[in-house]
Amino acid sequence: QVQLQESGPGLVKPSETLSLTCTVSGGSISSNYWSWIRQPAGKGLEWIGRIYGSGNTNYNPSLKSRVTMSIDTSKNQFSLKLNSVTAADTAVYYCARVLRWAIDYWGQGTLVTVSS
Amino acid sequence: QSALTQPPSASGSPGQSVTISCTGTSSDVGGYNYVSWYQQHPGKAPKLMIYEVTKRPSGVPDRFSGSKSGNTASLTVSGLQAEDEADYYCSSYAGSNNLGVFGTGTQVTVL
């Protein structure tokens, strides 16, 4: 049973960088695809990006200029950095496993608020 | 990469069926058999209900079924139960960016 757990600051100041880490247990991080997905309060889901165990990435074009995803197979973790954040980036951020373009395992989600 | 279009709401009485549509384009829903459906209860993470258009993960009741015609996919919930009241999201692979795209979401109410 794969389990994912997000961690990181719950409050980020405008113009700064949002940094989150997802710790994976119960599965091989190096031979799977992983994603970050976010959901503003009361709104829908948005796919931020996808990373493979080798480090290959794909990003949402609307966020591509501000997003960096990385993976550390030795720690079974992958990470998200989103720079130059604004209030519009306030959301619940989920990390997840992607299998044949279906998200079969989700983290519980972590709320990140952008505010001074 | 525009969101897939879903109706904002749908409803049905217990025991009835409800069908939710998910409309995209030939670059996403219509071009690939990688449509998934997710159920989300308030305050919870989404749960995978259907993948690859018609397949059900282990543990998902067979009351949930998926289909696709052209650029529109559908999720049908038969024999509605109170616990089916939730938000439902579709998703599809969108080849141009080698990433997925979600639908706008549908709130299902069991009357």
Under 4.5 Å from any heavy atom of chain A - which part of B:Pro42: neither

Treating Ile, Leu, Val, Met, Phe, Trp and Tyr as nodes and any side-chain heavy-atom pair under 4.5 angstrom as an edge, say whether A:Val112 and A:Phe78 lie in one connected cluster. yes

Are a donor atom and an acceptor atom from the side chains of B:Thr72 and B:Thr23 found within less than 3.5 Å of each other? yes

Would you kindly say whether A:Ser116 and A:Lys13 are connected by a side-chain donor-acceptor distance under 3.5 Å? no

When you check the gap from the basic side-chain N to the acidic O, do B:Lys55 and B:Glu52 get nearer than 4.0 Å? yes

Top residue by heavy-atom pair count (under 4.5 Å) with chain A, among B:Asp87, B:Leu99, B:Leu48, B:Val35? B:Leu99

What residues of residues 20-53 of chain A sit under 4.5 Å from chain B when you count only heavy atoms? A:Ile37, A:Gln39, A:Lys43, A:Gly44, A:Leu45, A:Glu46, A:Trp47, A:Ile48, A:Gly49, A:Arg50

Contact origin within B:Tyr32 toward chain A - heavy atom pairs under 4.5 Å: neither

Consider only side-chain N and O atoms of B:Thr19 and B:Ser74, and report whether a donor and an acceptor are under 3.5 Å apart. no

Scan side-chain atoms only and decide if B:Glu85 and B:Thr109 contain a donor-acceptor pair under the 3.5 Å cut-off. no

Roughly how far, to the nearest 0.5 Å, is OG of B:Ser91 from OH of B:Tyr38? 5.0 Å

I need the B:Asn71 CG to B:Thr5 OG1 distance, nearest 0.5 Å. 11.0 Å

Pick from B:Gly105, B:Ser36, B:Pro46, B:Pro57 with the largest number of heavy-atom pairs that fall under 4.5 Å of chain A: B:Pro46

Between chain A and each of B:Gly43, B:Ala45, B:Ser92, count heavy-atom pairs under 4.5 Å; write down the option with the most. B:Ala45

